[in-house]
Amino acid sequence: MKPRFTALKGVSDVLPPETGLWRKIENAACEVMGPYGYDEIKPPVMEQTELFLRSIGDSSDIVAKEMYSFTDKGGRNVSLRPEGTASIVRAYVEHNLSLRPAPQKFLYFGPMFRYERPQKGRQRQFYQLGAECFGVADPGIDAEMITMLVSFLEKIGLKGVSLEINSIGCKECRPAFKENLKAFFTPHLDSLCPDCQRRYEQNPLRILDCKVERCIQIRQNAPLISETLCQDCKDHFSGLIGLLDAMGTSYFFNPHMVRGLDYYTRTVFEVKSEGLGAQNAVAAGGRYDLLVSEFGGPDTPAIGFAAGMERLAMLLKEAATGEEVFPGAASPAIFIATLGKEAATEALKIASRLRAAGKRVEIGWSGSLKSQMRKADKSGAGHVVMIGEDELKTGKFKWKNLKDGSSGETAKEELLAKF
RNA sequence: GUGGGUGUAGCUCAAUUGGCGGAGCACUGGAUUGUGGUUCCAGUGGUUGUGGGUUCGAGUCCCAUCACCCACCCCA
């Protein structure tokens with residue numbers, strides 16, 4: 001048989017038992033971040049296109065050519081969200097959440113959409129888990145959030161990841177740094193790769209990220225942002241580093257790290273992992289002190305991060321062995337084999353009671369006892385309860401433990417207690 | 001958007017120079033009346049991704065298209 005419909009390019013189904021792993025990740029996020037004060041927020045998956053244009057900025061391909069945008073029946077220009085932060089800032093301003101006591105902390109889960117060419121760890125619809133915190137300018141909150149992210153990753157058992165941090169300055173010092181950088185690269189312009197020549201115009205910071213050997217060599221002596229930061233930004237960054245050191249959080253200072261989104265200021269960070277292919281970022285984030293006011297709210301410092309669910313799940317699957325990978329892959333505790341219509345009716349009644357007690361129960365509706373036994377075994381059931389003429393007559397049910405082979409008989413009223 | 005690779009059963013893969021599309025696993029059923037796993041037997045399952053072309057003949061060669069994989073770009 002050939003499927004009449006298949007999923008669109010770059011989108012995929014998450015099937016059980018993998019969904020159990022996803023749930024485990026989401027539960028861990030709530031458990032770890034709840035004590036930090038983060039509560040779930042559920043913004044819509046679509047917004048006015050303008051919202052993303054204004055926040056993410058046009059130096060990023062995300063807005064320039066990767067958005068799923070359309071005109072709705074009311075003539076509005078709408079886009080599926082390519083990331084989560086913009087919506088949450090919009091909600092923060094729209095609902096005057098700045099009037100609630102600071103800090104306001106939010107956690108979110110959900111799909112994001114970017115029209116990209118799929119590859120390992122990258123899809124057109126992908127899920128992110130993210131956190132945002134509004135109203136604290138102190139580097140303490142940066143350290144708190146980074147520490148929280150690290151303990152979340154530890155909680156789900158992720159190994160072999162590295163944390164990188166940097167500061168990309170503020171609206172005072174970053175423009176100057178951009179100019180310095182451009183000035184430095186101007187004499188080398190012809191030697192840079194074509195992509196970097198484009199970056200030189202669009203977003204010179206990106207040249208620092210280039211993977212081409214020649215560009216890496218050229219930039220060896222390029223100015224570093226850390227040397228150009230204004231005093232406030234320097235103080236902020238050294239404050240953060242001091243706190244991370246004090247917490248014993250290990251990090252790697254990467255002076256070349258830049259972020260794709262325009263709204264970031266000062267602190268940026270990224271968690272990378274081997275085993276993800278070229279798309280090696282598991283989680284990333286940073287401070288965005290200007291976005292709230294740009295959206296019409298009061299001056300409000302903020303910081304956040306997002307983690308890629310598919311990437312987290314991929315890493316956990318690769319690293320783990322055995323059944324604990326898929327905690328949601330439960331087998332029935334009890335399989336009820338039936339012989340005849342009356343037995344099936346009885347089975348349904350008994351199953352309802354057991355299920356109400358939280359037991360996972362499957363019923364074999366037809367077929368020989370042998371085939372039902374086989375089915376029970378394949379389902380991974382722990383016990384089989386048999387219902388046939390004898391049981392209906394006597395009210396005593398034969399059962400068999402499929403794990404150790406033991407068997408016995410239990411009266412109907414005692415079944416619930418037995419299992 | 002650019003480049004490379006791959007498309008055969010639900011899964012993993014065969015099929016000689018272009019010559020009748022198979023196997024293992026999985027699934028379904030059976031092996032003396034109501035007892036699973038091991039074993040044995042049988043069965044279901046395919047317009048070889050799709051559409052053209054070359055040929056007496058195409059899974060195999062050519063073109064197009066679609067999907068997947070990997071990388072660039074970009075990014076979680």
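Numbers restart at 1 for each chain; the letters A, B, ... are given by sequence-line order, proteins then strands. On a predicted model such as this, the values are computed, not experimentally measured, just so you know.
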Under-3.5 Å donor-acceptor pair between A:Arg259 side chain and B:A76 base: no
Between A:Arg198 and B:C74, is there a contact of a side-chain N or O with OP1 or OP2 at under 4.0 Å? yes
Strand partner of B:U33, provided both Watson-Crick or wobble distances fall under 3.5 Å: none
Quick one: is B:C72 close enough that its OP1 or OP2 comes under 4.0 Å of any side-chain N or O from A:Lys211? yes
Report yes if the distance between the aromatic ring centroids of A:His383 and A:Phe419 is under 6.0 Å, otherwise no. yes
Output field: ring centroids A:Tyr200/A:Phe185 closer than 6.0 Å: no
Checking only heavy atoms, does the side chain of A:Asp377 share a donor-acceptor pair with the base of B:G36 at less than 3.5 Å? yes
Just to be sure I understand the rule, does A:Gln123 reach a base, reach only the sugar-phosphate, or reach nothing, if contact means heavy atoms closer than 4.0 Å? base
Measure from the side-chain heavy atoms of A:Met386 and tell me the nearest of B:G3, B:U35, B:C75. B:U35
From CD of A:Gln197 over to P of B:C73, roughly how many Å is that when rounded to an integer? 14 Å
Need the pair for B:A42. Rule: Watson-Crick or G-U wobble, both distances under 3.5 Å, any strand; none if unpaired. B:U28
Using the closest heavy atom to pick a nucleotide of RNA chain B for each, name whichever of A:Ala283 or A:Val11 lands nearer the 5' end. A:Val11
B:C66 to B:G49 separation - C1' atoms, rounded to the nearest Å: 7 Å
Within the 4.0 Å heavy-atom criterion, would you say A:Ser407 contacts the bases, only the backbone, or no part of the nucleic acid? nothing
Test for a donor-acceptor pair under 3.5 Å between the base of B:C72 and the side chain of A:Arg117, counting only N and O atoms. no
Please give the distance between the C1' atoms of B:A14 and B:U60 as a whole number of Å. 13 Å
Judged by atom type as modelled, is there a donor-acceptor pair below 3.5 Å linking the side chain of A:Glu391 to the main-chain atoms of A:Gly388? yes
Using a distance-only criterion (donor-acceptor N/O pair, under 3.5 Å, no hydrogens), is the base of B:C73 paired with the side chain of A:Glu66? no
Base, sugar-phosphate, or nothing: which does A:Gly121 touch, judged by heavy atoms less than 4.0 Å apart? base
Which part of the nucleic acid does A:Gly367 contact within heavy-atom distance under 4.0 Å: base, sugar-phosphate only, or nothing? nothing
Checking all strands, does A:Ser371 fall into the base, sugar-phosphate, or nothing category for heavy-atom contacts under 4.0 angstrom? sugar-phosphate
With a 4.0 Å cut-off on N to O distance, would you call A:Glu94 and A:Arg90 a salt bridge? yes
Partner nucleotide of B:U65 by Watson-Crick or wobble geometry (both distances under 3.5 Å): B:G49
Assign A:Gly364 to base, sugar-phosphate, or nothing according to its heavy-atom contacts below 4.0 angstrom with the strands shown. nothing
In whole angstrom, give the distance that lies between atom NZ of A:Lys370 and atom C1' of B:C41. 13 Å
Round to the nearest Å and state the distance from A:Met373 atom CE to B:U28 atom P. 16 Å
Is there a donor in the side chain of A:Glu132 and an acceptor in the side chain of A:Thr85, or the other way round, less than 3.5 Å apart? yes
Between B:C68, B:A76, B:C73, which nucleotide gets closest to the side-chain atoms of A:Ala281? B:A76
Take a 6.0 Å sphere around NZ of A:Lys272 and say whether it holds more than 12 heavy atoms from other residues, nucleotides or ligands. yes
NA contact type, A:Leu312, heavy-atom cut-off 4.0 Å: base, sugar-phosphate, or nothing? nothing
Just name whichever nucleotide pairs with B:C13, Watson-Crick or G-U, keeping both distances under 3.5 Å, else none. B:G22
Closest of B:C70, B:C74, B:C69 to the A:Lys120 side chain is B:C70
Indicate, with a heavy-atom threshold strictly under 4.0 Å, whether A:Ile62 touches base, sugar-phosphate, or nothing. sugar-phosphate
Scan A:Lys400 against the nucleic acid and name what it touches under 4.0 Å (heavy atoms): base, sugar-phosphate only, or nothing. base
Rounded to whole angstrom, note down the P distance from B:G45 over to B:G3. 43 Å
Do any side-chain nitrogens or oxygens of A:Gln119 fall under 4.0 Å of OP1 or OP2 in B:A71? yes
What nucleotide among B:C74, B:A76, B:G34 has an atom nearest to a side-chain atom of A:Ala284? B:A76
Determine whether any donor atom in the side chain of A:Arg199 lies under 3.5 Å from an acceptor atom in the base of B:C73, or the reverse, and answer yes or no. no
From the candidates B:G34, B:C74, B:G36, the one with an atom nearest any side-chain atom of A:Glu391 is B:G34
Are A:Arg124 and A:Tyr115 in a cation-pi contact, defined as NZ or CZ under 6.0 Å from the six-membered ring centre and within 45° of the axis? yes
Would you mind pulling out the nucleotide paired to B:U2, Watson-Crick or G-U wobble, both distances under 3.5 Å? B:A71
When the nearest nucleotide of RNA chain B is assigned to A:Lys403 and to A:Glu389 on a heavy-atom basis, which residue is associated with the more 5' position? A:Glu389
Could you tell me which nucleotide pairs with B:A76 by Watson-Crick or G-U wobble geometry, both distances under 3.5 Å, or answer none if nothing does? none
B:U55 - base-pair partner by Watson-Crick or wobble geometry, distances under 3.5 Å: none
Report yes or no: is there a donor-acceptor pair, N or O only, under 3.5 Å between the side chain of A:Lys378 and the base of B:G36? no
Determine, stepwise, if the pair A:Ser273 / A:Asn280 fulfils side-chain hydrogen bond (donor to acceptor under 3.5 Å, both in side chains). CA-CA 5 Å; A:Ser273 171; A:Asn280 62 356; over 6 Å; no
Identify whether any heavy atom of A:Ala376 sits under 4.0 Å from a base atom; if not, whether one sits that close to sugar-phosphate; answer base, sugar-phosphate or nothing. nothing
